[in-house]
Student: 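I'd like to ask you about the structure that follows.
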Amino acid sequence: MSLVDTVPAATTLLTRPLATTLPAATTTLSAATTTLPAATTTLSAATATPPATPLDDARSQLTAAIGVLGYGSGLHSLLATPRRELTVAVPLRRDDGSTCLFTGYRVQHNLSRGPAKGGLRYSPHVTLDEVRALAMWMTWKCALLDVPYGGAKGGVTIDPRLYSQAELERVTRRYTSEILPIIGPEKDIPAPDMGTDERTMAWIMDTYSVNVGYTVPGIVTGKPISLGGSHGRASATSRGVTHIALAALTHRGLRVNGATAAVQGFGKVGHDAAVFLTEAGVRVVAVSDQYGAVYNAQGLDFERLGAHVAATGRVDGFDGAEPLDGDLLLELDVDLLVPAAVEGVLHAGNAARVTARVIVEGANGPTSPAADLIFAANGQLVVPDILANAGGVIVSYFEWVQGNQAYWWNAAEVEHKLAERMLAAWHQVVDYAAAKNLSLRAAATVLAVERVAEAHLLRGLYP
Ligand code: NAD
């Protein structure tokens, strides 16, 4: 049951601008507005010029939700601003004896509903602003799916493909040591994201456990099952994407069986999503990775493609398909497009050429607000990241619960509970969007932001 049902007083307060209902808080928080001039400028400019960065996009989406909710500037600043940020130097002694240096980040965007939760990204393109955006989206995702967490994200500026396992282990352990003061099973719980995996989580768990002097499985999720990981976690994001994609196709009046799809990104999310969609009867005709794309009008054979990728590390060169330009994959004439790679790939420059009837965001932040407007004008349905790819954080929550209780569920239990939560959230967002005449993204963001704001209001402002 949501607080809207149980705390009418809070609801009443929240329907009015917070500036009038929370004078003390607003006064205190107005300082935050002055510390955020760049953000404020960007937010007002967002209506005229399409935002260029993931953080611009995240702030623009929040501004739109705040507009619907009618909150004042004090609460807006509070919700737009990370609670805590840490930037650390991560030196690495390479296998050849030389030394190099990376930068690591951990951003905790919001802690009002529980410990911070969010993935760890290894990519040479990671920036503090990107991590801020990803942390903000985590806050909304956790609130929308009603898991008891705030949002966080981490990153290290390393291209993991260029380093040995031993080097990646040293980088992970050093980064973990540097951020140790702000993480913990009740503080902030990392998980895999781009460029990291369950092996990375095992190293974080071990480093943290050695430092505190006892084994702490709850410090990370997405661990190997033999270390207290959950059944179904590795495939949870893709399972969730598939549940939502099938529901969205049906919602649009399209038949699942024989519907065509293209998937951008062939990593942890994209690969399994393509396989699960195929198992459900969807014909996945194209997939891509950072090196290229492949296309087969009859549908790709994922067993053979998987073997090719395992052998070569990339999808291009697969003899069961034609080569395709990676950017053109987004513009294929398909029923379903699943961007499952990086932010900002659907933007004002290409959105008009994207013809997929349904777009389900496996990645975080793939669609800019300008592209959203074009898709809405063209009648295309976009299911936002904070709903579509939430399967991962749902099963991360299950993993944390199981670890805290030292009692593990079987795969069928996990899968059943995941499907139940994903589809309940889907129906809630669809119904809310219809009732309020909002896009699915706006509806999802409004629902999430309102829950986080309620938590702030009920907790009050310290001191
Ligand atoms: P991953 O590192 O396992 O795979 C990323 C894939 O994207 C790789 O195939 C890579 O080659 C490809 N890629 C990178 N840049 C590309 C580009 N410009 N064009 C096409 N392909 C490109 O990462 P992942 O865990 O699958 O994450 C993918 C996305 O899903 C990210 O946005 C991530 O934040 C999001 N996400 C992941 C999870 C999770 O549980 N792993 C959960 C929710 C959201």
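Just follow the structure's listing: the first ligand is 1, and inside any ligand the first atom is 1.
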Student: Minimum distance, heavy atoms only, to atom 28 (C) of ligand 1: which one of Ala363, Ala340, Gly362, Gly265 is it?
Tutor: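 Selected option, by shortest heavy-atom distance: Ala340.
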Student: Can you check whether Leu134 has an N/O within less than 3.5 Å of an N/O in ligand 1?
Tutor: no
Student: Classify the contact between Arg233 and ligand 1 as side chain, backbone, both or neither, using a heavy-atom distance cut-off of under 4.0 Å.
Tutor: side chain
Student: For atom 36 (N) of ligand 1, which candidate among Asp327, Asn364, Val345 provides the closest heavy atom?
Tutor: Asn364
Student: Using the rule given for salt bridge (charged side-chain N to carboxylate O under 4.0 Å, His left out), can you reason through Lys223 versus Glu399, listing the C-alpha separation, both sets of side-chain angles and the distance that settles it, and then say yes or no?
Tutor: CA-CA 9 Å; Lys223 298 180 290 294; Glu399 180 176 329; 2.7 Å; yes
Student: Going by ring-ring contact (aromatic ring centres under 6.0 Å, His included), name the residues that satisfy it together with Tyr208, two or more places apart in sequence or in a different chain.
Tutor: none
Student: Looking only at distances, can you tell me whether any N or O atom of Val269, backbone or side chain, sits closer than 3.5 Å to an N or O atom of ligand 1?
Tutor: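 By distance alone, the answer is yes.
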Student: Between Asn110 (side chain only) and Gly150 (backbone N and O only), is there a donor and an acceptor less than 3.5 Å apart?
Tutor: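 Such a contact is absent between Asn110 side chain and Gly150 backbone.
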Student: Among Arg314, Met138, Met194, which one puts a heavy atom closest to atom 27 (O) of ligand 1?
Tutor: Met194
Student: Is the Trp409 ring parallel, tilted or perpendicular to the Phe398 ring (thresholds 30°, 60°)?
Tutor: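 Ring orientation, 0 to 90° scale: tilted.
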Student: Look at atom 7 (O) of ligand 1 and find which of Pro192, Ser123, Ala341, Gly326 reaches it with the closest heavy atom.
Tutor: Ala341
Student: Within the 4.0 Å heavy-atom shell around Val342, which atoms of ligand 1 are there?
Tutor: 15 (N), 18 (N)
Student: Would Thr237 count as being in polar contact with ligand 1, using the rule that some N or O on each side must be under 3.5 angstrom apart?
Tutor: yes
Student: Look at atom 9 (O) of ligand 1 and say which protein heavy atom is nearest, naming residue and atom and giving the distance to 0.1 Å.
Tutor: Phe266 N, 3.0 Å
Student: Closer than 4.0 angstrom, basic N to acidic O: yes or no for Asp188 and Lys117?
Tutor: no
Student: Looking only at distances, please establish whether an N/O atom of ligand 1 is found under 3.5 Å from an N/O atom of Lys141.
Tutor: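 Among all N and O atoms of Lys141, none is under 3.5 Å from an N or O of ligand 1.
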Student: Flag Gly195 as yes when one of its N or O atoms lies below 3.5 Å from any N or O atom of ligand 1, and as no otherwise.
Tutor: yes
Student: Quick check: Gly267 and ligand 1, any N/O pair under 3.5 Å apart?
Tutor: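 Right, the criterion is met.
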Student: Which one of Leu336, Val382, Thr250 satisfies the side-chain contact (heavy atoms from CB on, under 4.5 Å) criterion with Val358?
Tutor: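 Exactly one candidate clears the test, Leu336.
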Student: Check whether Phe276 forms a cation-pi arrangement with Arg239 (NZ or CZ under 6.0 Å from the six-membered ring centre, at most 45° off the ring normal).
Tutor: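 Pair Arg239/Phe276 counts as cation-pi.
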Student: Between Glu343, Gln290, Lys268, flag the one that comes closest to atom 16 (C) of ligand 1 by a heavy atom.
Tutor: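 Checking each option, the heavy atom nearest atom 16 (C) of ligand 1 is found in Gln290.
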Student: Between His308 and Phe318, what is the ring plane arrangement, given parallel below 30°, perpendicular above 60°, and tilted in between?
Tutor: tilted
Student: Is the closest N or O pair between Asn389 and ligand 1 shorter than 3.5 Å?
Tutor: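 N/O-N/O distance below 3.5 Å does not exist for this pair.
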Student: For ligand 1, which part of Arg121 has a heavy atom less than 4.0 Å away: the side chain, the backbone, both, or neither?
Tutor: side chain
Student: Step through it carefully: locate the ring centre of Trp408, locate the ring centre of His231, and say whether they are under 6.0 Å apart.
Tutor: no
Student: Among protein heavy atoms, which lies nearest atom 21 (N) of ligand 1, and at what distance?
Tutor: Asp289 C, 3.2 Å
Student: Could you tell me whether Ser288 and ligand 1 have an N or O pair separated by under 3.5 Å?
Tutor: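 Looking only at distances, the answer is no, because the N/O contact criterion of under 3.5 Å is not met.
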Student: How close does the nearest protein non-hydrogen atom get to atom 33 (C) of ligand 1, and which residue and atom is it?
Tutor: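 Scanning the protein heavy atoms, the shortest distance from atom 33 (C) of ligand 1 goes to Asp193 OD1, 3.2 Å.
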